[in-house]
Amino acid sequence: MITLDGLTKVFPAPGGGDPVVALDGIDLHLEPGRVHGIVGRSGAGKSTLIRCLTGLEKPTSGRVEVDGTDIAALEGDALRAARRNIGMVFQHANLLDSRTAARNIAHPLEIAGVPRAERERRVAELVELVGLSGREHNHPAQLSGGQIQRVGIARGLAAEPKVLLCDEPTSALDGSTTRQILRLISDLRERLGITVVIITHEMAVVREVCDTVTLLKDGKIAQTGELVDVAADPHGPLSSELISLPPAPTGIDAVIVNCDYGDSTRFRTSEDLIRAAEAHGAEATLVAGTIETIGGRQVGRVQLALRNASGAAISAESLASYLAELDAAGVVAKEETA
Ligand SMILES: Nc1ncnc2c1ncn2[C@@H]1O[C@H](COP(=O)(O)OP(=O)(O)O)[C@@H](O)[C@H]1O
Ligand SMILES: [Mg+2]
(Lines give C-alpha, C1' and ligand atoms only; values in the text may rest on other atoms or scores of the structure.)
(Ligands and ions follow the chains in the order given, each with its own letter.)
Protein backbone atom coordinates (compact mmCIF):
# COMPACT_ATOMS: atom_id res chain seq x y z
CA MET A 1 0.00 0.00 0.00
CA ILE A 2 2.88 2.35 0.84
CA THR A 3 6.36 2.00 -0.64
CA LEU A 4 9.22 4.35 0.14
CA ASP A 5 12.18 4.00 -2.12
CA GLY A 6 15.40 5.82 -1.24
CA LEU A 7 13.40 8.61 0.42
CA THR A 8 15.78 11.42 1.32
CA LYS A 9 14.98 14.89 2.62
CA VAL A 10 17.69 17.47 3.18
CA PHE A 11 16.84 20.85 4.70
CA PRO A 12 19.17 23.79 4.20
CA ALA A 13 20.63 24.80 7.54
CA PRO A 14 18.68 27.73 8.99
CA GLY A 15 21.86 29.66 9.84
CA GLY A 16 23.76 28.79 6.64
CA GLY A 17 25.79 25.98 8.25
CA ASP A 18 25.69 22.30 7.29
CA PRO A 19 22.40 21.13 5.76
CA VAL A 20 20.19 18.91 7.92
CA VAL A 21 19.59 15.41 6.57
CA ALA A 22 16.16 14.69 8.07
CA LEU A 23 15.58 11.47 6.08
CA ASP A 24 18.50 9.53 4.70
CA GLY A 25 17.62 6.92 2.07
CA ILE A 26 14.55 5.29 3.63
CA ASP A 27 13.39 2.06 1.95
CA LEU A 28 10.18 0.73 3.45
CA HIS A 29 7.19 -1.27 2.31
CA LEU A 30 3.96 -1.19 4.30
CA GLU A 31 1.34 -3.82 3.51
CA PRO A 32 -2.34 -2.91 3.12
CA GLY A 33 -4.90 -3.47 5.88
CA ARG A 34 -2.45 -3.45 8.75
CA VAL A 35 -1.43 -1.09 11.54
CA HIS A 36 2.13 0.16 11.14
CA GLY A 37 3.96 1.98 13.91
CA ILE A 38 6.77 4.45 13.27
CA VAL A 39 8.72 5.32 16.38
CA GLY A 40 11.80 7.28 17.25
CA ARG A 41 13.10 10.00 19.48
CA SER A 42 12.49 13.65 18.87
CA GLY A 43 14.40 14.78 15.77
CA ALA A 44 14.54 11.26 14.25
CA GLY A 45 12.59 12.36 11.17
CA LYS A 46 9.06 11.08 11.98
CA SER A 47 7.20 14.29 11.15
CA THR A 48 9.21 14.80 7.97
CA LEU A 49 8.31 11.25 6.92
CA ILE A 50 4.60 11.79 7.49
CA ARG A 51 4.72 15.14 5.64
CA CYS A 52 6.33 13.37 2.67
CA LEU A 53 3.57 10.73 2.78
CA THR A 54 0.89 13.42 2.55
CA GLY A 55 2.70 15.32 -0.19
CA LEU A 56 3.05 18.38 2.05
CA GLU A 57 6.81 18.06 1.77
CA LYS A 58 8.67 17.26 -1.47
CA PRO A 59 11.50 14.76 -1.01
CA THR A 60 14.99 15.81 -2.05
CA SER A 61 15.19 12.42 -3.79
CA GLY A 62 13.42 9.08 -3.79
CA ARG A 63 9.89 7.84 -4.36
CA VAL A 64 6.82 7.93 -2.11
CA GLU A 65 4.25 5.55 -3.48
CA VAL A 66 0.80 5.44 -1.88
CA ASP A 67 -1.71 3.00 -3.41
CA GLY A 68 0.28 2.83 -6.64
CA THR A 69 0.71 6.59 -7.09
CA ASP A 70 4.02 8.42 -6.70
CA ILE A 71 2.89 11.25 -4.43
CA ALA A 72 6.23 13.04 -4.74
CA ALA A 73 5.82 13.47 -8.50
CA LEU A 74 2.34 15.04 -8.35
CA GLU A 75 1.36 18.71 -8.35
CA GLY A 76 -1.84 20.74 -8.17
CA ASP A 77 -5.16 18.96 -8.83
CA ALA A 78 -3.55 15.56 -9.26
CA LEU A 79 -1.89 15.90 -5.84
CA ARG A 80 -5.14 17.07 -4.25
CA ALA A 81 -6.97 14.06 -5.71
CA ALA A 82 -4.31 11.65 -4.45
CA ARG A 83 -4.44 13.25 -1.01
CA ARG A 84 -8.14 12.40 -0.70
CA ASN A 85 -6.94 8.82 -0.42
CA ILE A 86 -5.06 9.73 2.75
CA GLY A 87 -6.84 10.62 6.00
CA MET A 88 -5.00 12.43 8.79
CA VAL A 89 -5.44 12.32 12.55
CA PHE A 90 -3.40 14.65 14.75
CA GLN A 91 -2.52 14.83 18.43
CA HIS A 92 -4.95 17.72 18.85
CA ALA A 93 -8.09 17.50 16.74
CA ASN A 94 -8.36 21.34 16.59
CA LEU A 95 -12.13 21.25 16.15
CA LEU A 96 -14.13 24.33 15.24
CA ASP A 97 -15.64 25.46 18.55
CA SER A 98 -18.73 26.99 16.96
CA ARG A 99 -19.71 23.72 15.27
CA THR A 100 -21.22 20.57 16.75
CA ALA A 101 -19.39 17.23 16.55
CA ALA A 102 -21.48 16.26 13.50
CA ARG A 103 -20.81 19.55 11.72
CA ASN A 104 -17.08 19.26 12.43
CA ILE A 105 -17.16 15.83 10.78
CA ALA A 106 -19.13 17.31 7.87
CA HIS A 107 -16.58 20.11 7.34
CA PRO A 108 -14.16 18.32 4.97
CA LEU A 109 -17.15 16.99 3.01
CA GLU A 110 -18.48 20.55 2.59
CA ILE A 111 -15.07 21.68 1.35
CA ALA A 112 -15.01 18.78 -1.11
CA GLY A 113 -18.43 19.87 -2.42
CA VAL A 114 -20.30 16.72 -1.41
CA PRO A 115 -24.08 17.34 -1.81
CA ARG A 116 -26.04 17.87 1.39
CA ALA A 117 -28.07 14.66 1.44
CA GLU A 118 -25.03 12.49 0.84
CA ARG A 119 -23.08 14.48 3.41
CA GLU A 120 -25.71 13.89 6.07
CA ARG A 121 -25.89 10.20 5.33
CA ARG A 122 -22.10 9.93 5.52
CA VAL A 123 -21.87 11.93 8.77
CA ALA A 124 -24.51 9.71 10.42
CA GLU A 125 -22.52 6.66 9.37
CA LEU A 126 -19.26 8.12 10.72
CA VAL A 127 -20.85 9.13 14.04
CA GLU A 128 -21.92 5.53 14.54
CA LEU A 129 -18.60 4.15 13.32
CA VAL A 130 -16.50 6.07 15.87
CA GLY A 131 -18.92 5.52 18.76
CA LEU A 132 -20.26 9.06 19.10
CA SER A 133 -23.98 8.27 18.84
CA GLY A 134 -25.90 10.56 21.19
CA ARG A 135 -23.08 13.11 21.29
CA GLU A 136 -23.24 14.32 17.70
CA HIS A 137 -25.03 17.57 18.60
CA ASN A 138 -22.55 18.50 21.35
CA HIS A 139 -20.11 21.32 20.80
CA PRO A 140 -16.40 20.64 21.47
CA ALA A 141 -16.65 22.28 24.91
CA GLN A 142 -19.23 19.62 25.83
CA LEU A 143 -17.03 16.69 24.77
CA SER A 144 -14.31 14.79 26.66
CA GLY A 145 -10.76 14.52 25.30
CA GLY A 146 -11.47 11.02 24.02
CA GLN A 147 -14.70 12.12 22.34
CA ILE A 148 -12.89 15.03 20.68
CA GLN A 149 -10.33 12.59 19.29
CA ARG A 150 -13.20 10.41 18.00
CA VAL A 151 -14.46 13.44 16.08
CA GLY A 152 -10.91 13.94 14.77
CA ILE A 153 -10.80 10.32 13.58
CA ALA A 154 -14.26 10.53 11.97
CA ARG A 155 -13.17 13.70 10.17
CA GLY A 156 -10.02 11.93 8.95
CA LEU A 157 -12.19 9.11 7.57
CA ALA A 158 -14.81 11.38 5.98
CA ALA A 159 -13.49 11.10 2.41
CA GLU A 160 -13.23 7.29 2.71
CA PRO A 161 -9.44 7.21 2.45
CA LYS A 162 -7.54 3.98 1.98
CA VAL A 163 -4.78 5.11 4.33
CA LEU A 164 -5.13 6.74 7.76
CA LEU A 165 -2.02 8.55 8.99
CA CYS A 166 -2.05 9.25 12.71
CA ASP A 167 0.57 11.61 14.13
CA GLU A 168 0.80 11.07 17.92
CA PRO A 169 -2.96 10.34 18.12
CA THR A 170 -3.00 9.56 21.84
CA SER A 171 -0.16 11.66 23.20
CA ALA A 172 -2.54 14.16 24.76
CA LEU A 173 -4.82 11.53 26.33
CA ASP A 174 -4.74 9.70 29.67
CA GLY A 175 -4.08 5.96 29.90
CA SER A 176 -7.61 4.60 29.82
CA THR A 177 -8.74 7.00 27.07
CA THR A 178 -5.63 6.04 25.09
CA ARG A 179 -6.66 2.39 25.25
CA GLN A 180 -10.19 3.20 24.08
CA ILE A 181 -8.90 5.21 21.12
CA LEU A 182 -6.43 2.46 20.20
CA ARG A 183 -9.23 -0.09 20.37
CA LEU A 184 -11.25 2.13 18.04
CA ILE A 185 -8.34 2.30 15.59
CA SER A 186 -7.97 -1.52 15.55
CA ASP A 187 -11.70 -1.86 15.15
CA LEU A 188 -11.71 0.52 12.17
CA ARG A 189 -8.95 -1.46 10.54
CA GLU A 190 -11.07 -4.60 10.97
CA ARG A 191 -14.30 -3.05 9.73
CA LEU A 192 -12.94 -0.92 6.90
CA GLY A 193 -9.79 -2.82 5.96
CA ILE A 194 -7.98 0.51 6.04
CA THR A 195 -4.18 0.78 6.24
CA VAL A 196 -3.09 2.68 9.35
CA VAL A 197 0.25 4.38 10.02
CA ILE A 198 0.75 5.58 13.60
CA ILE A 199 3.63 7.87 14.46
CA THR A 200 4.30 7.77 18.16
CA HIS A 201 6.94 8.07 20.83
CA GLU A 202 4.84 5.92 23.20
CA MET A 203 5.91 2.29 23.27
CA ALA A 204 2.58 1.34 24.89
CA VAL A 205 0.83 2.39 21.67
CA VAL A 206 3.07 0.19 19.55
CA ARG A 207 2.58 -2.75 21.87
CA GLU A 208 -1.17 -2.38 21.93
CA VAL A 209 -2.14 -1.92 18.27
CA CYS A 210 0.71 -2.22 15.82
CA ASP A 211 1.29 -5.20 13.55
CA THR A 212 4.65 -3.88 12.37
CA VAL A 213 7.03 -1.35 13.82
CA THR A 214 9.83 0.75 12.35
CA LEU A 215 12.37 2.56 14.51
CA LEU A 216 13.82 5.71 12.97
CA LYS A 217 17.13 7.03 14.18
CA ASP A 218 18.90 10.04 12.68
CA GLY A 219 16.80 9.80 9.51
CA LYS A 220 17.59 6.14 8.94
CA ILE A 221 15.76 2.90 9.72
CA ALA A 222 17.41 1.40 12.80
CA GLN A 223 15.05 -1.59 12.96
CA THR A 224 11.87 -2.70 11.21
CA GLY A 225 9.68 -5.76 11.13
CA GLU A 226 6.67 -7.57 12.53
CA LEU A 227 6.00 -6.50 16.12
CA VAL A 228 6.33 -10.06 17.43
CA ASP A 229 9.75 -10.48 15.87
CA VAL A 230 11.07 -7.05 16.75
CA ALA A 231 9.87 -7.17 20.35
CA ALA A 232 11.29 -10.64 20.85
CA ASP A 233 14.77 -9.84 19.56
CA PRO A 234 16.67 -9.03 22.75
CA HIS A 235 19.65 -7.77 20.77
CA GLY A 236 17.68 -5.19 18.78
CA PRO A 237 17.35 -1.58 19.87
CA LEU A 238 13.56 -1.71 20.08
CA SER A 239 13.01 -4.53 22.54
CA SER A 240 14.60 -2.56 25.33
CA GLU A 241 12.43 0.42 24.40
CA LEU A 242 9.25 -1.62 23.97
CA ILE A 243 9.57 -3.44 27.25
CA SER A 244 10.72 -1.25 30.05
CA LEU A 245 12.54 -2.56 33.07
CA PRO A 246 11.30 -1.34 36.44
CA PRO A 247 13.83 0.41 38.67
CA ALA A 248 16.36 -1.98 40.24
CA PRO A 249 15.20 -3.46 43.53
CA THR A 250 16.84 -2.06 46.65
CA GLY A 251 17.87 -3.61 49.93
CA ILE A 252 18.56 -7.08 48.53
CA ASP A 253 21.75 -8.78 49.62
CA ALA A 254 22.35 -10.96 46.57
CA VAL A 255 23.81 -10.88 43.10
CA ILE A 256 21.25 -9.30 40.76
CA VAL A 257 21.18 -10.40 37.13
CA ASN A 258 19.21 -8.64 34.36
CA CYS A 259 17.88 -10.98 31.70
CA ASP A 260 16.21 -10.10 28.39
CA TYR A 261 14.65 -13.09 26.70
CA GLY A 262 12.15 -13.66 23.92
CA ASP A 263 13.73 -15.47 21.00
CA SER A 264 15.50 -18.23 22.90
CA THR A 265 14.19 -21.72 22.16
CA ARG A 266 15.65 -23.01 25.43
CA PHE A 267 14.47 -20.19 27.76
CA ARG A 268 10.85 -19.46 26.86
CA THR A 269 9.63 -18.25 30.25
CA SER A 270 11.09 -16.68 33.36
CA GLU A 271 10.57 -20.01 35.15
CA ASP A 272 13.01 -21.59 32.69
CA LEU A 273 15.63 -19.05 33.76
CA ILE A 274 14.98 -19.73 37.43
CA ARG A 275 15.14 -23.51 37.04
CA ALA A 276 18.43 -23.36 35.12
CA ALA A 277 20.18 -21.55 37.99
CA GLU A 278 20.13 -24.70 40.15
CA ALA A 279 22.57 -26.53 37.89
CA HIS A 280 25.06 -23.77 38.69
CA GLY A 281 24.65 -24.03 42.43
CA ALA A 282 22.41 -21.00 42.71
CA GLU A 283 18.86 -20.27 43.81
CA ALA A 284 17.18 -17.65 41.68
CA THR A 285 14.27 -15.49 42.77
CA LEU A 286 12.38 -13.14 40.47
CA VAL A 287 12.63 -9.72 42.14
CA ALA A 288 11.44 -7.37 39.40
CA GLY A 289 10.49 -7.52 35.79
CA THR A 290 8.17 -6.88 32.91
CA ILE A 291 6.79 -9.92 31.17
CA GLU A 292 4.57 -9.60 28.13
CA THR A 293 3.04 -12.11 25.80
CA ILE A 294 3.12 -10.78 22.26
CA GLY A 295 1.70 -12.98 19.52
CA GLY A 296 1.66 -15.97 21.88
CA ARG A 297 5.34 -15.63 22.70
CA GLN A 298 6.60 -14.58 26.12
CA VAL A 299 9.01 -11.68 26.03
CA GLY A 300 10.53 -10.46 29.23
CA ARG A 301 13.03 -8.24 30.92
CA VAL A 302 13.49 -9.61 34.39
CA GLN A 303 15.79 -9.24 37.35
CA LEU A 304 16.81 -12.32 39.26
CA ALA A 305 18.43 -12.37 42.70
CA LEU A 306 20.96 -15.20 42.97
CA ARG A 307 22.02 -16.78 46.27
CA ASN A 308 23.55 -20.11 47.16
CA ALA A 309 21.67 -22.80 49.10
CA SER A 310 22.56 -21.28 52.48
CA GLY A 311 21.37 -17.83 51.41
CA ALA A 312 24.83 -16.38 51.00
CA ALA A 313 26.31 -14.79 47.92
CA ILE A 314 27.09 -17.14 45.04
CA SER A 315 30.64 -17.61 43.86
CA ALA A 316 32.07 -15.79 40.88
CA GLU A 317 32.44 -19.17 39.12
CA SER A 318 28.74 -20.03 39.57
CA LEU A 319 27.74 -16.63 38.26
CA ALA A 320 30.05 -16.85 35.26
CA SER A 321 28.88 -20.33 34.27
CA TYR A 322 25.19 -19.36 34.62
CA LEU A 323 25.66 -16.20 32.52
CA ALA A 324 27.57 -18.18 29.88
CA GLU A 325 24.76 -20.73 29.59
CA LEU A 326 22.14 -17.99 29.18
CA ASP A 327 24.27 -16.15 26.65
CA ALA A 328 24.81 -19.29 24.57
CA ALA A 329 21.03 -19.82 24.43
CA GLY A 330 20.27 -16.29 23.18
CA VAL A 331 19.34 -14.58 26.46
CA VAL A 332 20.97 -11.22 27.09
CA ALA A 333 22.09 -11.55 30.70
CA LYS A 334 24.21 -9.13 32.71
CA GLU A 335 25.05 -8.66 36.34
CA GLU A 336 23.53 -5.48 37.73
CA THR A 337 26.26 -3.22 38.95
CA ALA A 338 25.38 -0.57 41.47
N1 LIG B 1 11.67 22.85 7.79
C2 LIG B 1 12.83 22.44 8.34
N3 LIG B 1 13.99 23.14 8.15
C4 LIG B 1 15.17 22.73 8.67
N5 LIG B 1 15.30 21.62 9.41
C6 LIG B 1 14.21 20.87 9.66
C7 LIG B 1 12.91 21.25 9.15
N8 LIG B 1 12.00 20.33 9.54
C9 LIG B 1 12.67 19.42 10.28
N10 LIG B 1 14.00 19.73 10.33
C11 LIG B 1 15.06 18.96 11.01
O12 LIG B 1 15.00 17.63 10.54
C13 LIG B 1 15.23 16.70 11.59
C14 LIG B 1 14.01 15.76 11.73
O15 LIG B 1 12.91 16.51 12.20
P16 LIG B 1 11.43 15.90 12.41
O17 LIG B 1 11.04 15.17 11.17
O18 LIG B 1 10.55 16.98 12.87
O19 LIG B 1 11.71 14.84 13.58
P20 LIG B 1 10.67 14.16 14.62
O21 LIG B 1 9.30 14.40 14.13
O22 LIG B 1 11.07 12.72 14.65
O23 LIG B 1 10.92 14.81 15.94
C24 LIG B 1 15.50 17.54 12.83
O25 LIG B 1 16.89 17.66 12.96
C26 LIG B 1 14.85 18.85 12.51
O27 LIG B 1 15.50 19.89 13.19
MG1 LIG C 1 7.73 15.42 15.12
Side-chain angles (χ1 to χ4, degrees), residues 2-30 35-66 70-72 74-75 79 83 86-94 145 148-149 152-153 155-156 163-173 178 181-182 185 195-210 212-225 227 230-231 236-242 244:
I2 296 174
T3 303
L4 305 177
D5 191 1
L7 175 60
T8 296
K9 179 70 189 184
V10 181
F11 292 108
D18 290 340
V20 179
V21 183
L23 296 174
D24 190 359
I26 302 277
D27 296 318
L28 189 62
H29 179 71
L30 304 178
V35 181
H36 304 280
I38 300 198
V39 299
R41 301 208 167 154
S42 178
K46 304 183 298 297
S47 296
T48 307
L49 181 70
I50 217 162
R51 291 171 64 83
C52 288
L53 281 174
T54 58
L56 280 171
E57 198 81 76
K58 284 272 174 233
T60 307
S61 60
R63 280 171 62 84
V64 179
E65 208 181 284
V66 179
D70 184 4
I71 295 281
L74 299 178
E75 307 269 354
L79 179 58
R83 288 181 62 184
I86 303 170
M88 287 287 302
V89 174
F90 303 96
Q91 181 173 353
H92 296 285
N94 287 323
I148 286 173
Q149 194 54 302
I153 292 171
R155 197 183 46 188
V163 176
L164 190 65
L165 300 180
C166 309
D167 194 354
E168 301 280 358
T170 58
S171 300
L173 304 174
T178 291
I181 292 295
L182 296 178
I185 291 173
T195 307
V196 181
V197 179
I198 299 186
I199 302 255
T200 183
H201 69 279
E202 295 174 291
M203 292 303 154
V205 170
V206 172
R207 228 165 31 215
E208 207 125 331
V209 282
C210 293
T212 76
V213 55
T214 300
L215 173 67
L216 284 186
K217 201 173 173 203
D218 300 330
K220 294 195 179 74
I221 293 178
Q223 199 179 6
T224 186
L227 176 64
V230 165
L238 251 169
S239 72
S240 53
E241 304 216 17
L242 280 171
S244 59

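Both ligands and their constituent atoms are indexed starting at 1 by order of listing. All of these numbers come straight from a predicted model, not from anything done at the bench.
- Checked options Leu215, Leu238, Thr214; the residue passing with Thr224 is Thr214 (criterion: side-chain contact (heavy atoms from CB on, under 4.5 Å)).
- With sequence neighbours left out, Met88 forms a side chain to side chain contact (heavy atoms under 4.5 Å, CB included) with Thr54, Phe90, Leu165.
- Taking the side chain as every heavy atom from C-beta outward, Asp24 and Asp218 never approach each other to under 4.5 Å.
- You'll find the side chain of Thr170 stays beyond 4.5 Å of the side chain of Ile198, heavy atoms only.
- Distance check: Leu49 CG to Ile38 CD1 gives 4.5 Å after rounding to the nearest 0.5 Å.
- Residues Glu65 and Asp5 are not in side-chain contact: their nearest non-hydrogen atoms beyond the backbone lie 4.5 Å or more apart.
- Sorted by chain then number, the residues whose non-hydrogen atoms approach ligand 1 to under 4.0 Å are Phe11, Val20, Ala22, Arg41, Ser42, Gly43, Ala44, Gly45, Lys46, Ser47, Thr48.
- For the Mg ion (ligand 2), the N/O/S atoms of Ser42 include none lying under 2.8 Å.
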